[in-house]
Amino acid sequence: MDFRSKPGDDDGIVSTMPVRAPVFDPPFNVVRASHVEFGVRDLTAARAFYVDCLGYLISDETRDALYLRGVEERNHHSIVLKAAREPMVDTLGFKVASEEDLDRAASWFAQRNLPTSFPDVPHQGRTLRTSDEAGMPLDFYFKMDQAPSMLQRYAAHRGARIQRIDHLNCFTPDVQASYDFYADLGFRLTEYTATDDPDPKLWAVWMHRKGNVHDLAFTNGRGPRLHHIGVWTTGALDILHICDVMATSGYLSNMERGPGRHGISNAFFLYVRDPDGHRVELVTSDYLTVDPDLEPIRWSLRDPQRQTLWGHPAPRSWFEEGSEFAGVPQREPMLAAHPIVAR
Ligand SMILES: [Fe+2]
């Protein structure tokens, strides 16, 4: 493992922080985080939340599923809502750069004795279904049905005018192991939180493929579980507007945290919970990360500006609650360190 000094270190001492050099020639080419499949108990209630309130567009609707996209998305779906007995997550979707990348991915996962199959998935081309070493379900695909761009059909923009999916954020029982796994796949670290011990440990990591702060983030906690999906808005005013909408249309208790600005990533945010408790972050305003020599930014777990630049700690629910992956057993976190909690 390649140990790197912490950004800002100027004492010439190389720390033992287990942060590695980026991998620029991964075994297959992941383009970006693409979509999520949520199991929901009441499709009508979920539709009212995602479509009527948040402003998602409907790409397709069947008796037991709803396919949603943001206004700039030409891919058929970035959220799939499926009728289920209990709230859960079926899979996390990633787009790869070619059909050949799918075959390379299948070989890579099979070599690690991880499950691989190619199920038929509606509106997607060949789809590799597998999981990471923590058991987190993953779908990789190259082609998806295309939908009309609604970016300049402004009359159709409603609610928070959500543009596109931005990232997936997950609990993992072993942040170092999850970081190592996805670093091998070419996910590049942009920011991270570490303990302040003499032997520092990773508590959270933000990793990207597409060139902003993250496609995938991991936080220390019981897992694997999905913490939230992050969905992009054009600006902070869209987020402030949806606060007013939710507060006056029966969704006050669905607003969990924010609005605010993260220290990490500089993102302006609002966290909301859907009727099944799945967490959605409305987010905007992070930064470009394509430079190959970009040094990841280190944050202390005890720094209150890490969570919110304005100093407000997050509620306990934000650190403890998340969506379970269907049929995937969870483990308690290896690391006992605790963040600052508001209540
Ligand atoms: Fe996020």
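Every number for a ligand or one of its atoms is a count from 1 in the order of the listing. Excluded from the calculations below are hydrogen atoms, water molecules and symmetry mates; all remaining heavy atoms, backbone and side chain alike, are included.
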Check your understanding: Hey, are N254 and D274 close enough side-chain-wise for a donor-acceptor pair under 3.5 Å?
Key ->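 Checked: D274/N254 side chains show no N/O donor-acceptor pair below 3.5 Å.
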Check your understanding: Which atoms of the protein, restricted to N, O or S, are nearer than 2.8 Å to the Fe ion (ligand 1)?
Key ->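 Protein N, O or S atoms closer than 2.8 Å to the Fe ion (ligand 1): H167 NE2, H228 NE2, E281 OE1.
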Exercise for review: Please name the pair of heavy atoms, one in I165 and one in L168, separated by the smallest distance, quoted to 0.1 Å.
Suggested key: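 Looking at all heavy atoms of both residues, the shortest contact is CD1-CD2, 4.3 Å.
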Practice item. Check K95 against M144 and note the closest heavy-atom contact, atom names and distance. Key: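 For K95 and M144, the tightest heavy-atom pair comes out as NZ-N, 4.3 Å.
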Check your understanding: Considering residues at least two apart in sequence or located in another chain, which fulfil the side chain to side chain contact (heavy atoms under 4.5 Å, CB included) criterion with D101?
Key ->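 In terms of side chain to side chain contact (heavy atoms under 4.5 Å, CB included), with neighbours along the sequence ignored, D101 is linked to F28, N29, V96, A97, S98, R104.
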Exercise for review: Any pair with a residue in residues 59-71 that passes side-chain hydrogen bond (donor to acceptor under 3.5 Å, both in side chains), sequence neighbours left out, goes on the list, sorted by first then second residue, please.
Suggested key: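 Of all non-adjacent pairs touching residues 59-71, those that pass side-chain hydrogen bond (donor to acceptor under 3.5 Å, both in side chains) are R47-E61, S59-R69, D60-H123, T62-D64.
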Exercise for review: Determine which pairs satisfy salt bridge (Lys or Arg N to Asp or Glu O under 4.0 Å) with at least one residue from residues 326-335, sequence neighbours left out, and list them in order.
Suggested key: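 The answer is R222-E332.
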